[in-house]
**Student:** 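Before I ask anything, here is the structure I am working with.
What you see below is based on every heavy atom in this structure, not just the backbone, and it leaves out hydrogens, waters and symmetry mates.
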2 protein chains.
Amino acid sequence: MPYAERRAQILKKATELFAEYGLTAQTRALAAECGISQRLLYRFFPTKEDLLREVYDTAIVGPFQAVWFAELSDRNRPMHDRLTKFYNDYLDAVLGRRWLRLFLYSSLAEADMAPNYISSIITKLTETIVAETAHERGMKLDMEQEAVHEVGWTIHGAISHYAIRRHIYRASHVIPQDMVVAMHVRVFLSGFDSIVSQFERVER
Amino acid sequence: MPYAERRAQILKKATELFAEYGLTAQTRALAAECGISQRLLYRFFPTKEDLLREVYDTAIVGPFQAVWFAELSDRNRPMHDRLTKFYNDYLDAVLGRRWLRLFLYSSLAEADMAPNYISSIITKLTETIVAETAHERGMKLDMEQEAVHEVGWTIHGAISHYAIRRHIYRASHVIPQDMVVAMHVRVFLSGFDSIVSQFERVER
DNA sequence: TTTGTTTGTCGTCAATTGACGACTTATGTC
DNA sequence: GACATAAGTCGTCAATTGACGACAAACAAA
C-alpha cells in the first residue's frame with residue numbers, strides 16, 4: 001500500500017481507537033486494527049505522541065466549518081433561523097460521540113488542546129452570536145468581553161451539554177434533536193434582553 | 001495505624017489520584033502517596049477495581065445532599081430564590097474540579113457509573129425543578145416524562161457545562177459564580193412558559 | 001540483471017504494572 | 001514470658017507496552 005494511503009488509514013483507525021479507549025490505547029491494538037505489524041507504525045509517526053497530536057488536529061479542529069461564521073452573520077435571515085440551522089449542523093458535524101470522547105479525553109489529559117479549540121474557535125463563536133443577536137434587536141452592547149462570552153456560553157453550553165448527556169452519559173434521548181435545538185434557541189432569545197441588561201448594569 | 005484510619009487515608013488519596021490522573025493511575029503511586037508499601041493496599045482492597053468502585057460511591061454519589069430536594073420544594077420561597085440557592089450550593093459542594101474529573105473519567109471508561117448517578121439523582125432533580133416551577137405559576141403540566149427531563153436539563157446542563165468549562169477546559173472565569181447562576185436562573189424562568197407550551201403542543 | 005528504494009515483518013529490550021507469597025515487626029492479652 | 005493477632009515490608013512473577021535494530025520482500029529504473 002502506498003505511503004500516503006497507509007498513513008491516512010492509520011490516522012483514521014487511531015482516531016477511532018483513541019476516542020473509544022482513551023489516549024492510553026495501545027499501539028499494538030492500533031496495528032492489529034490496521035492489519036499491519038506494530039513496527040510499521042513507527043515508519044509513519046516517530047512516537048505515539050506525534051500520532052496523538054495529529055489525531056487531535058484533524059479530528060478535533062478539522063470538523064469545524066468556517067462557513068458557519070458567515071451563515072451566522074447573514075443578516076438577511078432572522079437570528080432564530082440562523083441559530084437553529086447552525087446548532088443542528090454543529091450537532092451533526094461536530095458534537096458526535098467520537099468528537100466528544102476525543103475532546104474530553106484530551107481535556108482531561110491536561111494536553112492543553114481543549115483550551116486551544118476553545119480560545120481559537122468558540123471564543124469567536126460566542127462573540128458572533130451575541131453581537132448578531134444584539135444587532136438584530138438594535139441594541140448597542142456595552143459590557144466586558146468576558147461577559148459577552150458568558151452570555152454566548154448559555155446557549156452553547158446548554159447544547160454542548162445536551163450532546164455530552166446523549167453520547168457520553170448515554171442518557172435516553174427520546175426527544176428528537178431538532179426539538180431540543182428549538183427549545184434552547186427559544187430560551188436563549190427570550191432571555192437575551194434580560195441577561196444583557198444584568199451585565200450592563202453591573203459591569204460599568 | 002489502625003485499620004479504619006489507614007483505610008480512610010487510602011480512600012482519600014485514591015480519590016485525589018484517580019481524579020487527577022484518571023482511573024489508570026497506578027497502585028504504586030497511590031502507595032507512595034500514602035507513605036506505605038504497595039503490598040499493603042491489598043490488605044484493604046482485594047483488587048484495584050474494588051478500590052475504584054468504592055472511590056466512586058463515596059466521592060461521586062456521596063456529596064449530593066438529600067436536603068436539597070426539600071429546599072427546592074419549599075413553597076414558602078419564590079422559585080427564583082430556591083433555584084439560585086440550590087445551584088450555588090451545588091456548584092460549591094458537587095461541581096468542583098475533583099468531582100467533575102472523576103465523573104468524566106468514569107463516564108468515559110464505560111463504567112456504567114454515570115448512568116447510575118444520572119438516573120438515580122438527576123432524573124428526580126429535573127422533575128422536581130420543573131414541577132415546582134410549574135406549580136408556582138399555577139400551570140398544570142401535561143407532557144411526557146421525557147419532555148419534563150429535557151426542560152429541566154436546560155438549566156441543569158447549562159450550569160453543569162459552566163463548571164466543566166471552568167474546571168476541565170480551564171476557561172478563564174472572570175465573571176463571578178453567583179452572577180453566572182443568576183443569569184441561568186433568569187434565562188430558565190423567563191423562557192419556561194414558552195418551552196413548556198412547545199412540548200405540550202407537540203407531544204399530545 | 002543489478003541496484004536502490006519503498007514497504008513490510010520478526011524478535012527483542014527495558015520499563016511499567018497489578019497481584020501476591022513469604023516473611024517481619026509491633027501490640028496487646030493471658 | 002508466651003502466644004496470637006494485627007500492621008507492615010521485600011522481592012518477585014507474569015503480562016503489558018513503547019520503541020527500535022536487523023532483516024526480508026516487492027518493485028521500479030538503468
**Student:** Please name all residues satisfying ring-ring contact (aromatic ring centres under 6.0 Å, His included) with B:Phe86, sequence neighbours left out, ordered by chain then number.
**Tutor:** B:Trp68, B:Tyr90
**Student:** Holding to side-chain hydrogen bond (donor to acceptor under 3.5 Å, both in side chains), I want the full list of residues that pass it with A:Glu54, two or more places apart in sequence or in another chain.
**Tutor:**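 Expected list: A:Arg7.
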**Student:** Show me the protein contacts with nucleotides 23-25 of chain C, counting only N or O atoms at under 3.5 Å.
**Tutor:**
none

**Student:** Determine the contact category for A:Ala25: base if any of its heavy atoms lies under 4.0 Å from a base atom, sugar-phosphate if only primed atoms, P, OP1 or OP2 are that close, otherwise nothing.
**Tutor:** sugar-phosphate
**Student:** Applying side-chain contact (heavy atoms from CB on, under 4.5 Å), name anything that partners A:Phe192, two or more places apart in sequence or on another chain.
**Tutor:**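 For A:Phe192 the side-chain contact (heavy atoms from CB on, under 4.5 Å) partners, ignoring immediate neighbours, are A:Val130, A:Thr133, A:Ala134, A:Arg137, A:Met139, A:Val151, A:Phe188, A:Val196.
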**Student:** Of the non-hydrogen atoms in B:Cys34 and B:Gln9, which two are nearest, and what is the gap between them?
**Tutor:**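 For B:Cys34 and B:Gln9, the tightest heavy-atom pair comes out as O-NE2, 3.4 Å.
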**Student:** Which residues within residues 31-41 of chain A lie with some heavy atom under 4.0 Å of an atom in DNA chain C?
**Tutor:**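 Heavy-atom cutoff 4.0 Å gives A:Ile36, A:Ser37, A:Arg39, A:Leu40.
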**Student:** Tell me if the centroids of the rings in A:Tyr3 and A:Phe44 come within less than 6.0 Å of each other.
**Tutor:** yes
**Student:** Residues two or more places apart in sequence or in another chain: which of them pass ring-ring contact (aromatic ring centres under 6.0 Å, His included) with B:Tyr21?
**Tutor:** none
**Student:** Which residue, B:Arg28 or A:Arg6, contacts DNA chain C at a nucleotide closer to its 5' end, judged by nearest heavy atom?
**Tutor:**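 By nearest-heavy-atom nucleotide position, the 5'-most residue is A:Arg6.
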**Student:** Heavy-atom contacts under 4.0 Å between residues 10-22 of chain B and DNA chain D, which residues?
**Tutor:** none
**Student:** On DNA chain D, which is the earliest and which the latest nucleotide, 5' to 3', with an atom closer than 4.0 Å to a heavy atom of chain A?
**Tutor:** D:dT17 to D:dA22
**Student:** Which heavy atom of B:Ile60 sits nearest to which heavy atom of B:Trp99, and what is that distance?
**Tutor:**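 Nearest pair, atom of B:Ile60 first, then B:Trp99: O-NE1, 3.0 Å.
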**Student:** Looking at residues at least two apart in the chain, or sitting in another chain, which of them share a side-chain contact (heavy atoms from CB on, under 4.5 Å) with B:His80?
**Tutor:**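 B:His80 satisfies side-chain contact (heavy atoms from CB on, under 4.5 Å) with B:Thr84, B:Val185, B:Leu189 once adjacent residues are dropped.
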**Student:** Table please: side-chain donor-acceptor pairs of residues 171-183 of chain A below 3.5 Å, with sequence neighbours left out.
**Tutor:**
from: A:Ser172; atom 1: OG; to: B:Glu146; atom 2: OE1; distance (Å): 3.3
from: A:Ser172; atom 1: OG; to: B:Glu146; atom 2: OE2; distance (Å): 3.3
from: A:His173; atom 1: ND1; to: A:Ala171; atom 2: O; distance (Å): 3.3
from: A:Gln177; atom 1: NE2; to: A:Asn88; atom 2: OD1; distance (Å): 3.3
from: A:Gln177; atom 1: NE2; to: A:Asp92; atom 2: OD1; distance (Å): 3.3

**Student:** Measure the distance from OH on A:Tyr42 to C1' on C:dT7 and round it to the nearest whole Å.
**Tutor:**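 Value for this atom pair: 18 Å.
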**Student:** As a test of understanding, state which of A:Arg77, A:Arg82, A:Lys85 forms a salt bridge (charged side-chain N to carboxylate O under 4.0 Å, His left out) with A:Glu71.
**Tutor:** A:Lys85
**Student:** Does the plane of the ring in B:Phe103 sit parallel, tilted or perpendicular to the ring in B:Tyr117? Use 30° and 60° as the thresholds.
**Tutor:** perpendicular
**Student:** List for me each residue that meets ring-ring contact (aromatic ring centres under 6.0 Å, His included) alongside B:Tyr105, sequence neighbours excluded, and say none if there are none.
**Tutor:** none
**Student:** For A:Ser73, check side-chain hydrogen bond (donor to acceptor under 3.5 Å, both in side chains) against everything at least two apart and list the hits.
**Tutor:** none
